[in-house]
Amino acid sequence: QVQLVESGGGLVQAGGSLRLSCAASGRTFSNYAMGWFRQAPGKAREFVAAISWSGGMTYSANSVKGRFTISRDNAKNTVYLQMNSLKPEDTAVYYCAANRAGWASSPDSDDYDYWGQGTQVTVSS
């Protein structure tokens, strides 16, 4: 049983930055790969970034590559998404998710076993 709680969302102007956090509890956090996804109203859930259990493998969507960075601190049971150079099209609810295949950094939402409730990110133009 893993519970994930996102925080750090809010309203920011285009070009600004936010850092999202996802605090995990329950099972051994360090053995899970972690991912960030987002979903805007009326649109499908979209992969953002993923990180392996060790942090040694990361993968990000082309739409955010070079702007967003995923990282984790296993001692704090927390995964982060640093978002820079934000654009209005980044506006969405952002979800973190846990993957039992800890070696993976998968962009496929079906590979994730646990999901947080999401945090709203709104980027104004």
Side-chain angles (χ1 to χ4, degrees):
Q1 185 68 36
V2 173
Q3 294 186 354
L4 306 172
V5 180
E6 302 96 336
S7 62
L11 175 64
V12 65
Q13 289 185 315
S17 298
L18 286 173
R19 189 179 75 162
L20 305 184
S21 298
C22 177
S25 63
R27 302 289 297 275
T28 304
F29 172 76
S30 61
N31 289 337
Y32 287 77
M34 299 293 296
W36 286 96
F37 295 78
R38 65 187 183 187
Q39 188 167 26
K43 296 184 178 180
R45 184 167 295 183
E46 177 187 19
F47 170 76
V48 177
I51 187 167
S52 64
W53 70 270
S54 68
M57 291 285 293
T58 62
Y59 179 72
S60 60
N62 289 335
S63 59
V64 305
K65 195 179 298 292
R67 300 188 298 120
F68 292 8
T69 301
I70 188 170
S71 62
R72 66 191 298 162
D73 186 340
N74 289 341
K76 297 180 179 179
N77 294 330
T78 302
V79 63
Y80 304 96
L81 185 68
Q82 178 66 47
M83 305 185 295
N84 299 325
S85 301
L86 283 161
K87 304 175 181 179
E89 52 263 45
D90 295 320
T91 296
V93 176
Y94 283 71
Y95 300 89
C96 65
N99 182 352
R100 289 176 294 175
W103 47 265
S105 55
S106 175
D108 189 347
S109 62
D110 290 340
D111 289 335
Y112 292 83
D113 304 288
Y114 303 98
W115 294 82
Q117 295 297 308
T119 185
Q120 177 70 49
V121 172
T122 302
V123 184
S124 62
S125 60

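- Side-chain contact check for R38 versus V121: every heavy-atom pair is 4.5 Å or farther apart.
- Applying the ring-ring contact (aromatic ring centres under 6.0 Å, His included) rule to F47 yields the partners F37, Y59; only residues at least two apart in sequence or on another chain are considered.
- Taken from CZ in R72 to CG in L81, the straight-line distance is 13.5 Å, to the nearest 0.5 Å.
- The backbone N or O of T119 sits nowhere less than 3.5 Å from a side-chain atom of E6 that would complete a donor-acceptor pair.
- Checked by atom type and distance alone, the side chain of Y112 never pairs as donor or acceptor with a backbone atom of W36 at under 3.5 Å.
- The two residues G118 and V93 have their closest heavy-atom pair at CA-CG1, 3.8 Å.
- For D113, the salt bridge (charged side-chain N to carboxylate O under 4.0 Å, His left out) partners are R100, not counting sequence neighbours.
- Listed for the T91 side chain is a donor-acceptor partner under 3.5 Å among the backbone atoms of V123.
- Put simply, OG1 on T122 and CG on D90 are 11.0 Å apart, with the number rounded to the nearest 0.5 Å.
- One hydrophobic cluster, built from ILVMFWY side chains closer than 4.5 Å, cannot hold both Y95 and Y32; they sit in different ones.
- Looking at heavy atoms from C-beta onward, S63 lies out of side-chain contact with E89 at the 4.5 angstrom threshold.
- The side-chain heavy atoms of R45 and W115, taken from C-beta on, include a pair separated by under 4.5 Å.
- For the pair F68 and L86, the minimum side-chain heavy-atom distance is below 4.5 Å.
- Of all heavy-atom pairs between A33 and A101, the closest is CB-O, 3.5 Å.
- The side-chain heavy atoms of M83 and V64, taken from C-beta on, include no pair separated by under 4.5 Å.
- Between the S106 side chain and the A104 main chain, no donor and acceptor come within less than 3.5 Å of each other.
- In plain terms, the two heavy atoms of I70 and M34 that are nearest each other are CD1-O, 4.0 Å.
- Distance check: N74 CG to N31 CG gives 8.5 Å after rounding to the nearest 0.5 Å.
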For residues 7-24, please give each side-chain donor-acceptor pair under 3.5 Å, one per line with the distance, not counting sequence neighbours.
{"unit_1": "S17", "atom_1": "OG", "unit_2": "N84", "atom_2": "OD1", "d": "2.8"}

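- Contact of the Q39 side chain with the S109 side chain is not registered, since no non-hydrogen atoms from C-beta on lie closer than 4.5 Å.
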